[in-house]
Amino acid sequence: MILRSALLGAAAVSALASAAFAERGADGNVNVLYWQAPSILNPYLSSGTKDVEASSLILEGMAGFNEKGEVIPRLAESIPTVENGGVSADLTQITWKLKPGLLWSDGTPVTSADAKFTYEYCTAPDGGCAQAARYEGIKSIETPDAQTVVITFEAPKPNPYQAFVGGTSPILQAAQFKDCMGAKAPECTKQNFGPIGTGPFMVTDFKVNDVVTLAANPNYRDPAKPAFATMTLKGGGDAQAAARAVMETGEFDYAWNTQINPEMQTQMAAGGKGVFVNGFGTLVERIEMNMTDPDPALPEGERSTTKHPHPILSDAKVRQALSMAIDRQTLVDVGYGTAGRPTCNLVPAPELYASDNTGCLTQDMEGAKKLLDEAGWKVGADGIREKDGKKLKLLYQTSVNPVRQDFQALVKGWWNELGVEVELKQVDASVFFGGDPGSPDTFQKFYADVEMYANNFDGTDPEPYLAQYLCDKIPGPENQWQGENINRFCDPAYDALVKEMAATADLAKRGELAKKMNDMLTKDSFTVVALVDRGRLSAASNTLGGVVLNTWDTELWNAQDWYRVK
Amino acid sequence: MLTYTIRRLLLAIPTLLLISLVIFLLVDLAPGSPMSEIPLTVPPEVRLKMIQAMGADQPVFVRYLLWLKQFFIVEPSYIIDGWFGTNLGGDQQRILSWQSRAPVFDVIGQRLPQTLTVVGTAYLVGILIALPIGIYSAYRQYSWFDQLGTFFAMVGYSVPTFFTGVLFIVIFSVNLHWFPSIYDTTLKVTDWASFWKQVHQMALPVMVLALFNAAEISRYTRSSMLENLGQDYARTARAKGMSERTVVLKHVLRNSMIPVVTIIALGMPAVFGGAIITEQVFKVNGIGAALIGAIHANDLPMVQTLTFIFAVLIVLFNLIADILYGILDPRIRYD
């Protein structure tokens, strides 16, 4: 009897103790649905969004981005800046200090050597590191002590928050990956499927392209987090089914990228089991104008190259007229609903870099017709405009995607109204974006007059993104069509601005330069005709608390703060 | 019979080699690139390096010969190592998927259990439904039961699974909340409660697939039964004063089963191949889902290996069907 009450007492004390000390694992299991299932949990071997986001639950970098796009510390004690001496005055060095007492999920200490190893891992030859761009321009990485990482750049880096910042550039455990350098990297299946990390969760089981089972990391730096003891990250199906599992059946707590049409969004929201969360980043759906001639009559190797300027679209007035004829709000209503908004900018965010360019938002059909008249394109007998016997006829290509096909049909309608004959073409996404130099249908080859797709930039700094429009980045046969200047835009004044930005550290000045470049490409020249600023749309159950959608880092950036609403 | 089997097996070798070459060339010539799923934010130089690391920039014949070596020498030695603890495989390169960088055979090993349980059960359930329906429909030809059976077979055969699947989800998951719409592959059956859960989550995909399978097999059973019911030996049996039960279930059914059994054997490779659409709809993530995912991602080693395994299975089950035919029907002799 005495023994029994003593045991009961002990049980009561321990129950109280666990309630008082920590809530880690108190909320049971959380179910997350990624309809594109993760294939690998090492973001250095795959830059697919699904893989990067799933691994961000386990692996972390020195810092990350919050939902406002600000850099926030993760493993680092604080964010190094020029003011606090963490970044050298000449911008060639950044010093990161690790938080004291950090442990990997296996209980060993995190040291600066791990960071240095990660750099060596990603830059090793033959490794095919998918995030190599994050470590570009680094001269050396020194580790004066176990807590300090000093990165020295080859040239001044106005934006030093690249390496070890965000979900695409986390720190790996040197001890685990030491035999996986270079060509050995893909063979380390065990490591790539179960990396040891510092994040709120650790992998307990991984089924390729199917499901990741995770458990709370016992050594996570905040003893009270994460609130969930386990997480199941399931994959498969499509966006619509994923939305249904959260919004209608309530089987899942969170579904990633539930991009469905506005009509279905309303229908699913009526299910009442969850809410759609959305946020806007830098992804812009746009029509790109080809400044060079894609005429099939030209010899192969000269089509869509700078040798032959475009016979129609070289005239800025024509490009402007084509932009003016588009009603961007209608496009948003048809394709994206709450997950989109009309834009005229190539760089729609962050605020610092976003131009106040809104001139394109109202459709102006009459103005557009007038512009074409001025440019010498007169309406012919068949209703098609012509000039010097040449008809105003455009080939408009994009990838196969229901929303893009709706957009094509709408835009074609408006352009027909202007008196422009439009031929539509759809290319399978795996070919269009595949980059195969042997295929005539890639977006880089641009064997069409105009083409539509979406693009964005990584993180919050648009400098590399705007630098894509340099004259020497024009794709062509000499570089196996691998350039990023898809429009074949070339302006020495623009190149000078890119150079200036690379040497400017002052944020306000950088913002000004970025706006200027954005305007040169959009409202001044209509080389890039921005259509829709596409947000992220995900679904969260009403019983899941703490969800903050972040478009600057991975969507699971704050999974440690998620909890069960009771 | 034995010599016939051996001859067929030997003949299968060049056939399969040819099939593997054709598949490899087809998959390779198909447009698309493993880089198409990579975000545009990744610069071209990095893409090029990734392609090189995958070995995807090698000439097609080098890659084909490497694949042959990996499939026929390296992978079997790994399997033998796994069974007997030997070390034949050493550190030879296995067939790695481009998507996940994992050995393709490990992925198949992970995927096969759920495919076999779901698609296999559906096939079994389909057969169990189809046989009685087919037999009774034939026995009472043009009765209301026969008409109803014909109607369901037509519906089951002509309505695609992506429609019935979503329809069943909307009815049974969204509105009635009876069954889950998403299959949990991590569920382990250890006791009655988890077994019940497994039955629960299998219910919808099995229903969809069984309807489809039953439709086909019941039609074959019915027509084969009809043919035999009109034969002389059936009349003789009746004339001998045998009960209807014996006439139909012993004499007629046995003879009618010969073509049905071959049809069932020929359908077996599909059980291993999984059900691409149904698996996708219910997130079963079996072999079918793996194949379609690999095709989307242009994961050539995965597509090639999976399709080749299907080819092997089809050749094998064709042979089994032929042998079964010989065993069931004494009139057929191969030697």
Side-chain angles (χ1 to χ4, degrees), chain A residues 33 37 39-40 42 45-49 126-133 183 185-189 192-193 205 207-211 213 232 234-238 241 244-245 248-249 251-252 271 428-436 439 441 453-458 464-465 479 482-484, chain B residues 31-54 91 93-94 96-103 106-107 110-111 114 166 169-170 173-174 177 180-186 279-286 289-290 293-299:
Chain A
L33 189 60
S39 310
I40 192 166
N42 178 355
L45 291 184
S46 165
S47 43
T49 315
D126 306 326
C129 178
Q131 311 295 351
E187 293 169 36
C188 288
T189 310
N192 296 334
F193 284 3
D205 188 31
K207 289 193 163 119
V208 181
N209 287 345
D210 177 15
V211 62
T213 323
T232 311
K234 170 86 177 171
D238 52 45
R244 178 178 294 125
E248 291 191 331
T249 69
E251 287 165 82
F252 277 74
D428 185 76
S430 67
V431 177
F432 194 60
F433 297 115
D436 176 6
S439 165
D441 291 324
Y453 61 89
N455 199 354
N456 64 331
F457 54 93
D458 208 9
Y465 187 52
N479 58 14
Q482 295 304 315
E484 292 158 311
Chain B
S33 143
M35 290 292 109
S36 61
E37 301 246 303
I38 301 267
L40 296 181
T41 46
V42 174
E45 316 83 77
V46 176
R47 285 164 187 266
L48 204 66
K49 286 244 170 71
M50 290 174 77
I51 295 243
Q52 282 164 355
M54 284 173 184
D91 57 352
Q93 180 69 59
R94 301 180 63 182
L96 292 188
S97 149
W98 283 349
Q99 275 181 94
S100 63
R101 311 296 181 91
D106 288 5
V107 180
Q110 268 177 8
R111 294 301 182 100
Q114 51 254 40
V166 176
I169 286 180
V170 170
S173 297
V174 177
H177 294 285
S181 69
I182 292 173
Y183 188 91
D184 176 10
T185 43
T186 58
E279 282 185 10
Q280 196 81 350
V281 170
F282 293 98
K283 276 70 96 186
V284 178
N285 291 346
I295 292 173
H296 275 306
N298 283 291
D299 184 353

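Note: hydrogens, waters and symmetry copies are ignored here, and every other heavy atom, side chains too, is used.
Across all their heavy atoms, B:L96 and A:E187 have their closest contact at CD1-CG, 4.3 Å. The two residues A:R244 and B:V174 make their nearest non-hydrogen contact at CD-CG2, 3.6 Å. Between B:S100 and A:F193, the shortest heavy-atom contact is O-CE1, 3.5 Å. Smallest separation of non-hydrogen atoms from A:A130 and B:V46: O-CG1, 3.6 Å. Counting all heavy atoms, side chain and backbone alike, B:N285 lies closest to A:K234 at ND2-NZ, 3.6 Å. Of all the heavy atoms in B:R101 and A:I40, the pair that sits closest is CG-CD1, 3.8 Å.
Among the candidates B:Q280, B:R47, B:Q110, B:Q93, the residue making the largest number of heavy-atom pairs closer than 4.5 Å to chain A is B:Q110. Between chain A and the residues B:T185, B:I169, B:V42, the most heavy-atom pairs under 4.5 angstrom are made by B:T185. Each of A:G235, A:A185, A:C188, A:G127 has some count of heavy-atom pairs under 4.5 Å with chain B, and the biggest count is that of A:G235. When the candidates B:M54, B:R111, B:E45, B:R94 are compared by the number of heavy-atom contacts under 4.5 Å with chain A, B:R111 comes out ahead. Per-residue heavy-atom pair counts under 4.5 Å with chain B were compared for A:S439, A:A245, A:G237, and the maximum is reached by A:G237.
Here A:E251 pairs with nothing under the salt bridge (Lys or Arg N to Asp or Glu O under 4.0 Å) rule; sequence neighbours left out. Listed by chain and number, the residues in a side chain to side chain contact (heavy atoms under 4.5 Å, CB included) with B:N298 are A:S430, B:P34, B:S36 (sequence neighbours excluded).
In this structure, chain B has a heavy atom under 4.5 Å from the side chain of A:V211, while its backbone stays farther away. The contact between A:F252 and chain B is made entirely by side chain atoms (from C-beta outward), counting heavy-atom distances below 4.5 Å. When heavy atoms are compared at a cutoff of 4.5 Å, B:A289 does not approach chain A at all. If you measure heavy-atom distances from B:Q114 to chain A, the contacts under 4.5 Å come from the side chain alone.
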- Item | Test log, rule side-chain contact (heavy atoms from CB on, under 4.5 Å), inputs A:T249 and B:I182 | CA-CA 10 Å; A:T249 69; B:I182 292 173; over 6 Å; no
- Task: Evaluate side-chain contact (heavy atoms from CB on, under 4.5 Å) for B:V107 paired with A:K207, printing each intermediate quantity in order.
- Result: CA-CA 8 Å; B:V107 180; A:K207 289 193 163 119; over 6 Å; no
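If you take CG on A:D210 and OH on B:Y183, they are separated by 10.0 Å, rounding to the nearest 0.5 Å. Considering CG of A:N209 and OG of B:S97, their distance stands at 7.0 Å, rounded to 0.5 Å. Taking CD of A:E248 as the reference point, atom NE2 of B:H177 lies at 9.0 Å (rounded to 0.5 Å). Interatomic distance, B:Q99 CD to A:L45 CG, rounded to the nearest 0.5 Å: 13.5 Å.
Remark: side-chain polar atoms of B:K49 are not paired, donor with acceptor, to backbone N or O of A:D126 under 3.5 angstrom.
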